[in-house]
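Have a look at the structure below, then the notes.
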There are 2 protein chains.
Amino acid sequence: MVGIRDAAARTGLSADTLRYYERIGLIEDVTRDGAGHRQYGDQDLRWLEFLLKLRRTGMHIHQMTAYARLVRQGPHTQAARQAMLEAHRDEVVARIAELTEHLSALDYKIALYRDGGMT
Amino acid sequence: MVGIRDAAARTGLSADTLRYYERIGLIEDVTRDGAGHRQYGDQDLRWLEFLLKLRRTGMHIHQMTAYARLVRQGPHTQAARQAMLEAHRDEVVARIAELTEHLSALDYKIALYRDGGMT
DNA sequence: GTAGCCCTTGGAGTGCGCTCCAACGCAACC
DNA sequence: GGTTGCGTTGGAGCGCACTCCAAGGGCTAC
């Protein structure tokens, strides 16, 4: 069990963002210590790391809250969750393809500069 | 020479965005017809397509305006422009690597759902 | 000449994802 | 018991990249 400061340091999110994520329902209500301070367990940290992966691959916050809601609703939402992840996966694949394509254009332009062919 | 509507259609940007890009100095003042309407030439369209590539690879608007400013200043800024593009290229490569890495995590999770291993 | 349409402008508004703030609480240490 | 330090809350503010709006101008068709 770690405080919000440590949870922030471990996940790379800010303490403000952790509180924000809780507010919008991305994280289930975190347990509190005697002073009312949040205490994050291993499960919380793993969930946060997973959320961060979704976020860093461009999933929108509202989709993430939808996914989180499904998780909370229990095992009968597995198929829906799987479908969400698969749809997102396809978007990530497409994004990688787009970046790779534009990268060649960028490389081509850089080569022109290197050859002194640009004015 | 095409009007703003056609330029928007061809580049995939909106007419509003084209005017916005001009306002912030991303595009040099576009020539106008008798009625004061913008007319985009081939060179303008090629420049817009290049801007769009930078944008779609995650370059920030203010970096793009910096690049545009260098182009306007003439040939003696070639080295600076090349450096900007190379730095951006490195970011794109890093971004692709990150996406690819997170993609495996996503695939792993999807496989768990497929095997019925998730609750 | 008037209706319809597309364009112009400056400026305000929007949605996203945080980020910051003031006011306060509690616990520990001197 | 005062100070320090870390946390709490609700709500306001921010930066980005557009996006929309009202008011108006000019061309074309009828």
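Given the structure is predicted, the values throughout are model-derived calculations rather than measurements.
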Main-chain N/O of [Y] paired to [X] side chain as donor or acceptor, under 3.5 Å:
X       : Y       : value
A:Arg95 : B:Leu99 : no
A:Asp90 : A:Ala87 : no
A:Asp44 : A:Gly41 : yes
B:Arg72 : B:Gly25 : yes
B:Thr77 : B:Ala80 : no

What is the distance, to the nearest angstrom, from the [atom1] atom on [X] to the [atom2] atom on [N]?
X       : N      : atom1 : atom2 : value
A:Asp33 : D:dG7  : CG    : C1'   : 9 Å
A:His37 : D:dG5  : NE2   : C1'   : 10 Å
B:Arg32 : D:dG25 : CZ    : P     : 17 Å

Could you say whether A:Asp16 or B:His62 is positioned toward the 5' end of DNA chain D, judged by the nucleotide with the nearest heavy atom to each?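 Closest to the 5' end, via its nearest nucleotide, is A:Asp16.
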
Among residues 43-60 of chain A, which contact DNA chain C at a heavy-atom distance under 4.0 Å?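 Correct list: A:Arg55, A:His60.
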
Using a cut-off of strictly less than 4.0 Å between a heavy atom of the residue and any atom of DNA chain C, enumerate the qualifying residues of residues 17-24 of chain A by number.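 By residue number: A:Thr17, A:Tyr20, A:Tyr21, A:Arg23.
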
Evaluation steps, side chain to side chain contact (heavy atoms under 4.5 Å, CB included), between B:Phe50 and A:Lys109: CA-CA 10 Å; B:Phe50 176 62; A:Lys109 190 109 179 174; 3.7 Å; yes

Side chain to side chain contact (heavy atoms under 4.5 Å, CB included), that's the test. Do A:Lys53 and B:Leu106 meet it? Break it down for me. CA-CA 8 Å; A:Lys53 278 193 182 67; B:Leu106 210 47; over 6 Å; no

Contact between [X] and [Y] at the side-chain level, heavy atoms closer than 4.5 Å - yes or no?
X       : Y       : result
B:Tyr40 : B:Arg10 : no
B:Arg19 : B:Arg38 : yes
B:Glu98 : A:Arg56 : yes

Can you pull the contact range of chain B along DNA chain C, 5' to 3', using atoms under 4.0 angstrom from its heavy atoms?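 Here the contact window of chain B covers C:dC7 to C:dG11.
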
When hydrophobic residues are tied together by side-chain contacts of less than 4.5 Å, even through go-betweens, does B:Leu54 share a cluster with B:Ile24?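 Same hydrophobic cluster.
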
Between B:Ala35 and A:Leu13, who's closer to the 5' end of DNA chain C by nearest nucleotide?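 Going by which nucleotide is closer to the 5' end, it is B:Ala35.
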
